[in-house]
Amino acid sequence: MLALKNSSKSAFRRRLLGWYDANRRNLPWRQTRDPYKIWVSEIMLQQTRVAAVIEYYKRFLKAFPNINALARADEETVLAHWSGLGYYRRARMLRAAAQQLEAAKREMPRTAGELLELPGIGRYTAAAIASIAFREPAAVVDGNVERVLVRMAGENEADSVDFWTTAQELIDTDRPGDFNQAMMELGATVCLPKNPACGACPLKQWCGTRGEHKTAKPAARKTSTVGYVVAGHGPKIALTQRPKTARLMPGMWELPLLHRLPRHAPLFTLRHSVTTTDYVVKVWRGRPPKGSVQSNVAQASKLPLTGLTRKILRRLSLLRD
DNA sequence: GAAACGTGGCT
DNA sequence: TAGCCAAGTTT
């Protein structure tokens with residue numbers, strides 16, 4: 001199936017784009033052609049759900065409306081606006097790339113090949129920006145596209161699909177950005193990992209299977225218990241900064257970590273996962289430890305807090321959102 | 001090429 | 001509940 005004849009390819013494109021025109025979600029980054037805004041959206045969407053991105057995207061663009069504003073901002077300020085979204089390296093690299101462009105007095109590169117040279121932009125993101133913002137016919141392959149193509153290929157051919165080559169052969173060169181987004185939209189809303197809505201699929205006549213899509217076994221998870229202390233009077237709260245050299249979330253701020261857990265019962269317990277570790281998090285009230293800094297809660301929200309610290313402060317009603 | 005990188009929502 | 005998973009990139 002994946003080697004479609006030309007006539008079948010145009011029917012495929014027509015069907016897919018027709019479906020997309022009628023069913024596309026109205027997302028904030030679909031209301032602009034500004035390449036910088038497309039760029040920000042693509043970085044935020046890496047391994048991150050649409051629903052989680054929307055509010056971050058709006059706030060981030062309000063704070064950093066263009067490349068120049070992002071390049072001039074402190075890294076800490078940029079990270080504060082990313083706080084809670086995860087994969088913080090993305091924010092550092094996005095800012096670094098903006099600074100590279102400003103330093104070279106360059107505008108945004110207009111081709112996938114040039115975009116690929118910027119930090120944080122890999123093969124997927126380069127093609128996404130080039131196709132959506134600059135109409136370059138560069139096909140995108142993300143998890144959604146892979147799943148759609150595997151299903152279309154059918155069981156016998158699934159293992160031998162060259163995703164990038166296949167997607168590139170299928171792409172609509174008149175509407176490359178819409179084609180790419182349509183493939184992803186289909187994977188995200190119809191061709192789901194589990195219980196795909198095959199009845200609603202505009203591509204079913206080209207589909208080789210409706211079987212489950214096998215994915216690689218995720219890395220084994222570990223579990224661990226950690227304790228944090230809430231210390232402060234009135235509007236103040238104690239925070240500590242993670243080492244700049246830490247592998248995980250370097251330089252970000254969090255509640256002071258307890259090295260020995262008290263015997264008495266914690267204020268509360270919650271669960272939190274960070275990459276491959278599942279934490280049981282216990283929180284006690286206590287005195288501010290040495291090395292911690294007293295910060296106004298209102299100020300704290302402007303720091304690059306870890307997502308877990310945000311969660312705890314929300315739980316204590318010390319933080320909104 | 002595998003592992004690391006964050007988080008929250010859904011089942 | 002515990003596990004699964006999301007518009008990937010870097011090392």
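Letters A, B, ... are given to chains in the order of the sequence lines, protein chains preceding strands, and every chain is numbered from 1. Not measured: the values here are computed from a predicted model.
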Set out, line by line, the N/O atom pairs under 3.5 Å between protein and nucleotides 8-11 of chain B.
from: dG8(B); atom 1: OP1; to: Arg314(A); atom 2: NH2; distance (Å): 3.3
from: dG8(B); atom 1: N2; to: Arg49(A); atom 2: NE; distance (Å): 2.9
from: dG8(B); atom 1: N2; to: Arg49(A); atom 2: NH2; distance (Å): 3.2

**Report entry** dT9(C) versus dG8(B) - spacing of their P atoms, nearest Å
**Finding:** 23 Å

Report task. Quick one: name the residues clustered hydrophobically with Val229(A), using the 4.5 Å side-chain heavy-atom rule over I, L, V, M, F, W, Y, and just say none if it's on its own. Result -> Leu258(A), Leu261(A), Trp284(A)

Query - With sequence neighbours excluded, residues passing side chain to side chain donor-acceptor pair (under 3.5 Å) with Asp178(A) - result: Arg175(A)

Query raised in the report: Taking atom types as modelled, is there a side-chain donor on Asp278(A) or Thr223(A) under 3.5 Å from an acceptor on the other?
Result: no

Report summary line: residues 113-141 of chain A vs side-chain hydrogen bond (donor to acceptor under 3.5 Å, both in side chains), sequence neighbours excluded, gives Glu42(A)-Tyr124(A), Gln46(A)-Thr125(A), Thr111(A)-Glu114(A), Ser131(A)-Asn180(A)

Query raised in the report: Does Glu55(A) have any side chain to side chain donor-acceptor pair (under 3.5 Å) partners at least two apart in sequence or in another chain, and if so, which?
Result: none

Query raised in the report: Quick one: side chain to side chain contact (heavy atoms under 4.5 Å, CB included) partners of Thr240(A), sequence neighbours excluded?
Result: Glu254(A), Pro256(A), Ser292(A)

**Report entry** Residues in side chain to side chain donor-acceptor pair (under 3.5 Å) contact with Glu75(A), at least two apart in sequence or another chain
**Finding:** Arg92(A)

Query raised in the report: Which residues pass the side chain to side chain donor-acceptor pair (under 3.5 Å) test with His272(A), sequence neighbours left out?
Result: Lys311(A)

Query raised in the report: Atom CG of Leu186(A) to atom P of dA6(C): distance rounded to whole Å?
Result: 14 Å

Query raised in the report: What is the distance, rounded to the nearest whole Å, between atom CZ of Arg90(A) and atom P of dA6(C)?
Result: 15 Å

Query - Nearest-Å distance once atom C1' is located in both dT10(C) and dG1(B) - result: 13 Å

Report task. Whole angstrom is fine here: how far is it from CG in Asp278(A) over to P in dC5(C)? Result -> 15 Å

Query raised in the report: Atom CZ of Arg271(A) and atom C1' of dA2(C): how far apart are they, to the nearest Å?
Result: 9 Å

Distances under 3.5 Å between nitrogen or oxygen atoms of protein and nucleotides 7-11 of chain C:
from: dA7(C); atom 1: OP1; to: Asn144(A); atom 2: OD1; distance (Å): 2.8
from: dA7(C); atom 1: OP1; to: Asn144(A); atom 2: ND2; distance (Å): 2.4
from: dA7(C); atom 1: OP2; to: Asn144(A); atom 2: OD1; distance (Å): 2.9
from: dA7(C); atom 1: OP2; to: Asn144(A); atom 2: ND2; distance (Å): 3.3
from: dA7(C); atom 1: O5'; to: Asp142(A); atom 2: OD2; distance (Å): 3.3
from: dA7(C); atom 1: O5'; to: Asn144(A); atom 2: ND2; distance (Å): 2.6
from: dA7(C); atom 1: O4'; to: Asp142(A); atom 2: OD2; distance (Å): 2.8
from: dA7(C); atom 1: N6; to: Trp29(A); atom 2: NE1; distance (Å): 3.1
from: dA7(C); atom 1: N6; to: Arg30(A); atom 2: NH2; distance (Å): 3.2
from: dG8(C); atom 1: OP1; to: Gly143(A); atom 2: N; distance (Å): 3.3
from: dG8(C); atom 1: OP2; to: Gln47(A); atom 2: N; distance (Å): 2.9
from: dG8(C); atom 1: OP2; to: Gln47(A); atom 2: NE2; distance (Å): 2.9
from: dG8(C); atom 1: O3'; to: Thr125(A); atom 2: OG1; distance (Å): 3.4
from: dG8(C); atom 1: N7; to: Gln47(A); atom 2: NE2; distance (Å): 3.4
from: dT9(C); atom 1: OP1; to: Gly122(A); atom 2: N; distance (Å): 2.7
from: dT9(C); atom 1: OP1; to: Gly122(A); atom 2: O; distance (Å): 3.3
from: dT9(C); atom 1: OP1; to: Thr125(A); atom 2: N; distance (Å): 3.0
from: dT9(C); atom 1: OP1; to: Thr125(A); atom 2: OG1; distance (Å): 2.7
from: dT9(C); atom 1: OP2; to: Tyr124(A); atom 2: N; distance (Å): 3.4
from: dT9(C); atom 1: O2; to: Arg89(A); atom 2: NH2; distance (Å): 3.4
from: dT10(C); atom 1: OP1; to: Gly120(A); atom 2: N; distance (Å): 2.6

Query raised in the report: Which is true for Ile43(A) with a 4.0 Å heavy-atom rule: it touches a base, it touches only sugar-phosphate, or it touches nothing?
Result: nothing

